[in-house]
Protein chains: 2
Amino acid sequence: MFKLSRMTDYGVVLLSSMAQRPDCLSTAPDLADRTMLPAPTVAKILKALAKGQVIVATRGAQGGYSLARPAADITVAEIIAALDGPVALTACVDGSDDNCSVERLCPLAGGWNRINLAVKAALDDVSLADLISECGMSDPAFGAAPGITLQQ
Amino acid sequence: MFKLSRMTDYGVVLLSSMAQRPDCLSTAPDLADRTMLPAPTVAKILKALAKGQVIVATRGAQGGYSLARPAADITVAEIIAALDGPVALTACVDGSDDNCSVERLCPLAGGWNRINLAVKAALDDVSLADLISECGMSDPAFGAAPGITLQQ
DNA sequence: CAATACAGTACTTATTTAGTCCTGTTTATA
DNA sequence: TATAAACAGGACTAAATAAGTACTGTATTG
C-alpha cells in the first residue's frame, strides 16, 4: 500500500493541537495528554519537527514548542520531509540520498523523476491550515488520536 | 521515507521488458532470466499484475503473459494499484479498505482526501510508455535489475 | 542549585514486506 | 490420452523497516 507513515499522521495531529493555541507554548507531556498519544513517541516526533524547522523549541523550565510559522505557511510536504525524510519515490530521483549505481544507463530514471515532481507539487500545495480548516474544528471530540490513526 | 515498494519497481521493470516484445508471450521464467530478478518473486508479481488486468495470462504449454493494452494506455496508478493496493495515503480517504471508526468527527479527513486525489491524479497522468521512452531504450545494459533497484 | 523541559542517541520490539514453496488447474503436443 | 509446460492461489519463513522506549546530556527559569 502506497501510504504515509504513522509518524506523519501523528505529526499532523500534534501540529493541529498546537495550532489551536497559537499564543502559548505546548510542552511534550502536555501534547501527549491532549492527543492521547504515547508520551515518548510524542517527544520523538516533536524533536524531529523542531529539527525540520516546522516548530521552534524553547528550552528550560516554562519552555515548550510552538509553530515556526502560521499554519497557512506550513506545507504538508514540509511535515513529511521532517518526519520521513524528503519525498523521493525511488532512488533514481534528483535529491535522493543514495543514487543508484548505473543511473546514467537507467532509462526509467527520467520518468520516475517526473512522477516524483508531480507528487511533490501536490504535497506542496496543501498547508496545515488547509488540512485543519476543511471541516471546521468545532467538534469537542477532536484531539483524540484514534480518529486519524492510520491503518497499517 | 515516502516511497514506492520494491514490488512496484520490479513490476515496472518486468512490464518494460514485456513491452519490448509486444508480439509474443513472455513466460515467468523467461522474464526472470531477462531481468535477473529471482524467479519466484517474478512469478508472484506477474500473478498480481494479471489479477489487476494490467497483463493477460495465457495458460498451458506455450502460454505466457502479454500486456493487456498498449504501453501508452497503462498508467502508473494502475500498476501501483495492482501490486500495492489502491493509492490511499491515509485510512480517512474515500475508497480505503478500513475506514476509521470516528470518520464523521475527524476534521482532517477532508484535507487528506484532497491530497490523496492530487497524488492519484499525478500517478494517473503518467503511462508505462512515458516511463520507458523518456530516455530511450537503446542501451544494451537495460534489462539488468540493479539499475532501478530501490533503496530501502 | 534544583526542577523543568528539550536534544541526541542507542536499543528493543512489533509490523510489514519480500521471498519461497507447495498444490492445483489449464492447455499444447507428441 | 498422457505428459510436460505454464499459470493460479494460498501458506509459510525470513529479512528489513518502522515504531516505541529508555537513558544521558544540555539549557533555562526561579
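Here the structure is a predicted model, which means the values were calculated and not measured. All heavy atoms count here, side chains included; hydrogens, waters and symmetry mates do not. Residue numbers start from 1 in every chain, and the chains themselves are labelled A, B, ... in the order their sequence lines are given, proteins ahead of strands.
- Computed from coordinates, the A:Ile45 CD1 to C:dG8 P distance equals 16 Å when rounded to whole Å.
- The side chain of B:Met7 lies closest to C:dA18 when the candidates are D:dA19, C:dA18, D:dC7.
- In this structure B:Pro40 satisfies the side-chain contact (heavy atoms from CB on, under 4.5 Å) test together with B:Pro38, sequence neighbours excluded.
- With sequence neighbours excluded, the residues forming a salt bridge (Lys or Arg N to Asp or Glu O under 4.0 Å) with A:Asp124 are A:Lys120, listed by chain and number.
- Among C:dC6, C:dG19, D:dT21, the nucleotide with an atom closest to any side-chain atom of B:Thr41 is C:dG19.
- For A:Asp125, the side-chain contact (heavy atoms from CB on, under 4.5 Å) criterion is met by B:Arg114, not counting sequence neighbours.
- Across the protein-nucleic acid pair, A:Leu83 atom CG and D:dA18 atom P stand 13 Å apart, rounded to whole Å.
- A:Thr27 is linked by a side chain to side chain donor-acceptor pair (under 3.5 Å) to nothing, counting only residues two or more places apart in sequence or in another chain.
- Scored by the side-chain contact (heavy atoms from CB on, under 4.5 Å) test, A:Ala122 finds B:Ala118, B:Val119 as partners (sequence neighbours excluded).
- One finds no side-chain N or O of B:Arg6 lying less than 4.0 angstrom from the OP1 or OP2 phosphate oxygen of D:dA16.
- Rounded to an integer number of Å, the gap from CG of A:Asp30 to C1' of C:dA5 is 12 Å.
- One can place CG of A:Leu4 at 11 Å from P of D:dA19, the figure rounded to the nearest angstrom.
- In this structure, A:Lys44 atom NZ and D:dA18 atom C1' are separated by 8 Å, rounded to whole Å.
- For B:Tyr10, no side-chain nitrogen or oxygen approaches OP1 or OP2 of C:dT17 to under 4.0 Å.
- In terms of the salt bridge (Lys or Arg N to Asp or Glu O under 4.0 Å) criterion, A:Lys44 has no residue partners (sequence neighbours excluded).
- DNA chain D is contacted by no residue of residues 48-58 of chain A, taking any non-hydrogen atom closer than 4.0 Å.
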Would you mind writing out the side-chain donor-acceptor pairs for residues 54-81 of chain B within the sub-3.5 Å range, not counting sequence neighbours?
{"from": "B:Arg69", "atom 1": "NH1", "to": "B:Asp73", "atom 2": "O", "distance (Å)": "3.1"}
{"from": "B:Arg69", "atom 1": "NH1", "to": "B:Glu78", "atom 2": "OE1", "distance (Å)": "3.3"}
{"from": "B:Arg69", "atom 1": "NH1", "to": "B:Glu78", "atom 2": "OE2", "distance (Å)": "2.9"}
{"from": "B:Arg69", "atom 1": "NH2", "to": "B:Gln53", "atom 2": "O", "distance (Å)": "3.0"}
{"from": "B:Arg69", "atom 1": "NH2", "to": "B:Glu78", "atom 2": "OE2", "distance (Å)": "3.0"}
{"from": "B:Thr75", "atom 1": "OG1", "to": "B:Glu78", "atom 2": "N", "distance (Å)": "3.1"}
{"from": "B:Glu78", "atom 1": "OE1", "to": "B:Thr75", "atom 2": "N", "distance (Å)": "2.8"}

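- Protein atom OH of A:Tyr65 is 12 Å distant from nucleotide atom P of C:dA5, rounded to whole Å.
- Within the nucleic acid shown, B:Ala28 comes within 4.0 Å of sugar-phosphate atoms alone, with no base atom in reach, counting heavy atoms only.
- In this structure, B:Ile80 places its CD1 atom 14 Å from P of C:dT17, rounding to the nearest Å.
- A:Leu25 has its CG atom 11 Å from the P atom of D:dT29, to the nearest Å.
- Put simply, the side chain of A:Arg34 gets close to the backbone of A:Ser17: a donor and an acceptor are under 3.5 Å apart.
- For the pair A:Ala61 and B:Pro38, nearest-nucleotide mapping onto DNA chain C gives the more 5' position to A:Ala61.
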- Task: Begin with the C-alpha distance, continue with both residues' side-chain angles, and end with the deciding distance and a verdict on side chain to side chain contact (heavy atoms under 4.5 Å, CB included) for B:Leu128 and B:Ser16.
- Result: CA-CA 8 Å; B:Leu128 176 60; B:Ser16 300; 4.3 Å; yes

Dump every N/O contact between nucleotides 21-25 of chain C and the protein below 3.5 Å, one line per pair.
{"from": "C:dG24", "atom 1": "N2", "to": "B:Arg59", "atom 2": "NH2", "distance (Å)": "3.4"}
{"from": "C:dT25", "atom 1": "O2", "to": "B:Arg59", "atom 2": "NH2", "distance (Å)": "2.6"}

